[in-house]
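See below for the structure under consideration.
Not measured: the values here are computed from a predicted model. All residue numbers refer to positions in the sequence shown, counting from 1.
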Amino acid sequence: MGIAASVLENTVRFAFQPLYSLHSGGVVALEALARPDKGTARGMLATASREGRLTETDIALAAEAVKQEAEHHTLLPLHINLTAPSLAAPKHDFEPLLEALLNAGRRTREVVLEIGPPFSYLRADKALAGMQRLSELGFRLALDGLGQGDLPLGLLSTAPIDLLKLDRSVLRRLPDDPSAIAVVEALLHFTSRTHTRLVATGIETEEQLDAAGKLGVRIAQGHLFAPAGPELELAGLTGAAMPEPDQRLAPGPHTAPRVRDFLRPASTLPSTATCEDVREVLAAADGPSGIVGVDEHYRPQWSINRTRFLLAVTGPYGHALHAKRGAERLADAPHTIHAEASALEFLELVTDADWSRTGDDVIVVDDTGRCLGVVLVTEVVRGVAEVKVEEAAALSPLTRLPGSDTVARDVDRRIAQGEPFVAAWLDVDSFKTVNDTMGFAAGDDLIRALGRTLTELASRMRRMTVSHVGGDDFLVACDVDEIGTVAGTLLDTPWSAEGMPVTVSLATLVCGSRTIGSYREVSRLLAPLKKRAKAVPGSSWVLGRPGADRIEVMRGIGKQRDRRLTQPA
């Protein structure tokens, strides 16, 4: 190569910054960050680009990162930065990196290549072809610098990636900037649909961490946790280096936890490893809780529990009997689960199997059966419990429906995605009269009946979201073609409280694509619609649209069109 490895070895050191799981509180990976003796890594690459040796320098830096991380023996997945133009390099140009991994005893599946800008120098088809080549070599891929670089959305939607890294320039505006919140929510929606994960980078304050955790971010890094130092002390880093997670780090309320949310790095050895190979890893002071034996395709073949293994090899004649023999003789069959399984499915699997190895690592695999990491039963149980407590606290005790935040998040998501939708506000006419005449118990029964009807509707229409705001007020968000069914069911039902006939009012706002800016605006425009609906005798349904001054009375005695809708100040 034009740049000798010895030159980089003598002029560039690497700092290693941890990535943390906001579920378990533990370190799940390390990112290698180049620190040249003179200047910056960006400046070094810019110089190399001008001299026509960008790819050569880029890959040489990646190889040097592997060499320097190997000195620490962390067994953690390693994140290495790579510029997008290097994607055009043929496979043989990556030989220095592959050789460094071989010498370090690393597998490509243990490395995440973070592809960063500039993307504009490379056609999208060439970038995709390059990513495919790296995937075939076994590397996992991430797209870096979202929000700051020049990543095309077309490439984002088609790239074969495992992770997205959101730039600190967006996250530093949390928690007060609605636009930044919308960006994070949109990317979380994207990752949930594409089975990828979002990493929040540059977390520097408790407020940013709190906002990211509540939105549903699962992985984060930044100076708040640990800065990237030139000689990061990595001893014991495979354990939980972060304080115990608290309630603020529970999964975002708009998404249920999945197995991948509890993912920890797996300690792996070739399936042909001997008992002595395993003993050397497990006997270390900071040794992992178990070892996974993998084949050449990184598929788990066996698993070993630290405690049971060390008892076997340290007992009478244990070393003589086992040391030079294959580790599989003391191993268990691997207990695996797919990364996209829900946490509840995981617990059901353990229960249904009548599995007693609850202290063992459970191996998480992808569609091809490759090992992605491990999860612990105890952490999944804790995570599910936290979610259930959070959900229960947010539910109405009368209807068991969530509060207004649920519809608010759904509305903001639909707005961010440019989806047309309907927001609706339902309440009971003269509800105070019901309570004053028939008693609070009758009023409670009526509210429960309304809640049951809305819950049943939502179970039939999967795009419908329902909230019980409080008292006799309910909010609904649904698709435009669903509102007719919702209105018909609510208005055709003969509501009553202890035999006293009751009518309801339904105010609806039909929002076309890009016609409204936020949930707050939706709420403001629904207020005059609700007032108009309650002025219509009998059970009523009125309809309005953002930017229009007309209210349409769709149902009610004396059905009419009314032009009195005005935009409130």
Flag the pair I304 / D332 as yes when at least one side-chain heavy-atom distance between them is below 4.5 Å, and no otherwise. no
Yes or no on salt bridge (Lys or Arg N to Asp or Glu O under 4.0 Å) for K67 and E99, after CA distance, side-chain angles and deciding distance? CA-CA 10 Å; K67 294 175 185 176; E99 183 179 353; over 6 Å; no
What are the two closest heavy atoms between C371 and I363, and how far apart are they? SG-CG2, 3.9 Å
Give the intermediate values and the outcome of side-chain contact (heavy atoms from CB on, under 4.5 Å) for residues V476 and V407. CA-CA 7 Å; V476 172; V407 164; 5.9 Å; no
Regarding T40 and R42, is there a side-chain donor-to-acceptor distance under 3.5 Å anywhere? no
Quick check on F190: does its CZ atom have over 12 non-hydrogen neighbours (other residues, nucleotides or ligands) under 6.0 Å away? yes
If every non-hydrogen atom of D410 is compared with every non-hydrogen atom of T465, which pair is closest and at what distance? OD2-OG1, 2.8 Å
If you measure from OG1 on T83 to CD1 on I115, what distance do you get to the nearest 0.5 Å? 8.0 Å
Pair E328-Q301, side-chain donor/acceptor within less than 3.5 Å: no
Does the pair R414/D479 count as a salt bridge with the N-to-O cut at 4.0 Å? yes
I want to check something: taking the side chain as every heavy atom from C-beta on, are R197 and D162 in contact at a cut-off of under 4.5 Å? no
Measure the shortest side-chain to side-chain distance between V365 and L372 over non-hydrogen atoms and say whether it is less than 4.5 angstrom. no
Rounded at 0.5 Å granularity, tell me how far CG in L509 sits from CZ in R545. 9.5 Å
Just how far is it from atom CD of E71 to atom CZ of F14, taken to the nearest 0.5 Å? 11.5 Å
Are any side-chain N or O atoms of R514 and backbone N or O atoms of I415, one a donor and one an acceptor, separated by less than 3.5 Å? yes
Give a yes or no on whether the backbone of G147 and the side-chain of D167 come within a donor-acceptor separation of less than 3.5 Å. no
Under 3.5 Å, is there a donor-acceptor pair between the side chain of T196 and the main chain of S192? no
Taking CZ in R460 as the centre, count heavy atoms belonging to other residues, nucleotides or ligands within less than 6.0 Å. Is the count above 12? yes
Can a side-chain donor-acceptor contact be found between D367 and H338 if the only test is distance below 3.5 angstrom? yes
Euclidean distance, L87 CG relative to L134 CG, rounded to 0.5 Å: 6.0 Å
Flag side-chain contact, heavy atom, 4.5 Å: F421 against V411: yes
Decide, yes or no, whether a salt bridge links E419 with R463 under the criterion of side-chain N to carboxylate O below 4.0 Å. yes
side-chain contact (heavy atoms from CB on, under 4.5 Å), that's the test. Do L78 and E110 meet it? Break it down for me. CA-CA 6 Å; L78 179 62; E110 298 168 10; over 6 Å; no
Donor-acceptor pair, distance only, cut-off 3.5 Å: does the side chain of S49 make one with the backbone of A46? no
Electrostatic pair R409:D412 at N-O distance under 4.0 angstrom: no
Could you grab the distance from atom CD1 of I161 to atom OG1 of T191, nearest 0.5 Å is fine? 9.5 Å
Is there a side-chain contact between Y20 and V27 (heavy atoms, below 4.5 Å)? yes
Do E204 and Q208 pair up side chain to side chain, a donor and an acceptor below 3.5 Å, judged on atom types alone? no
Using only heavy-atom distances, determine whether the side chains of Q221 and Q17 contain a donor-acceptor pair under 3.5 Å. yes
Scanning both residues in full, the closest heavy-atom pair of V112 with A142 reads CG1-CB, 3.8 Å
Indicate the atoms forming the closest heavy-atom contact of L113 with F139, along with that distance. CD1-CG, 3.7 Å
Between the side chain of W302 and the main-chain N/O of S271, is any donor-acceptor distance below 3.5 Å? yes
Output every pair passing salt bridge (Lys or Arg N to Asp or Glu O under 4.0 Å) with a member in residues 140-161, not counting sequence neighbours, ordered by first then second residue. none
Keeping the roles fixed (side chain from Q68, backbone from V12), state whether a donor-acceptor pair exists under 3.5 Å. yes
Would you find a donor on one side and an acceptor on the other, under 3.5 Å apart, between the side chain of T201 and the backbone of L166? yes
Output for pair (S21 OG, F262 CZ), nearest 0.5 Å, gives 8.0 Å
Under 3.5 Å: donor-acceptor pair, side chain of E69, backbone of A65: no
Using side-chain contact (heavy atoms from CB on, under 4.5 Å), reason through R218 and L22 one step at a time and then give a plain yes or no. CA-CA 5 Å; R218 299 290 188 262; L22 298 191; 5.7 Å; no
Is M44 close to L61 at the side-chain level, that is, under 4.5 Å between some pair of heavy atoms? yes
Between D361 and S303, does any side-chain donor sit less than 3.5 Å from a side-chain acceptor? no
Evaluate side-chain contact (heavy atoms from CB on, under 4.5 Å) for D125 paired with L128, printing each intermediate quantity in order. CA-CA 5 Å; D125 59 337; L128 286 172; 5.8 Å; no
Closest contact, heavy atoms only, A84 versus P118: CB-O, 3.3 Å
Salt-bridged, E296 to R107, with N to O below 4.0 Å? no
Just wondering, do V28 and P18 contact through their side chains at under 4.5 Å, heavy atoms? no
Sub-3.5 Å donor-acceptor pair from the side chain of S86 to the main-chain atoms of L82, do we have one? no
Which heavy atom in L215 sits nearest to a heavy atom in V184, and how many Å separate them? CD1-CG1, 3.7 Å
Backbone of P402 reached by a side-chain donor or acceptor of T406 within 3.5 Å: no
Under 4.5 Å between any side-chain heavy atoms of L146 and L151, yes or no? yes
Within the 3.5 Å criterion, strictly below it, is a donor on Y298 or T368 matched to an acceptor on the partner's side chain? no
Could you tell me whether K91 atom NZ has more than 12 heavy atoms of other residues or ligands within 6.0 Å of it? yes
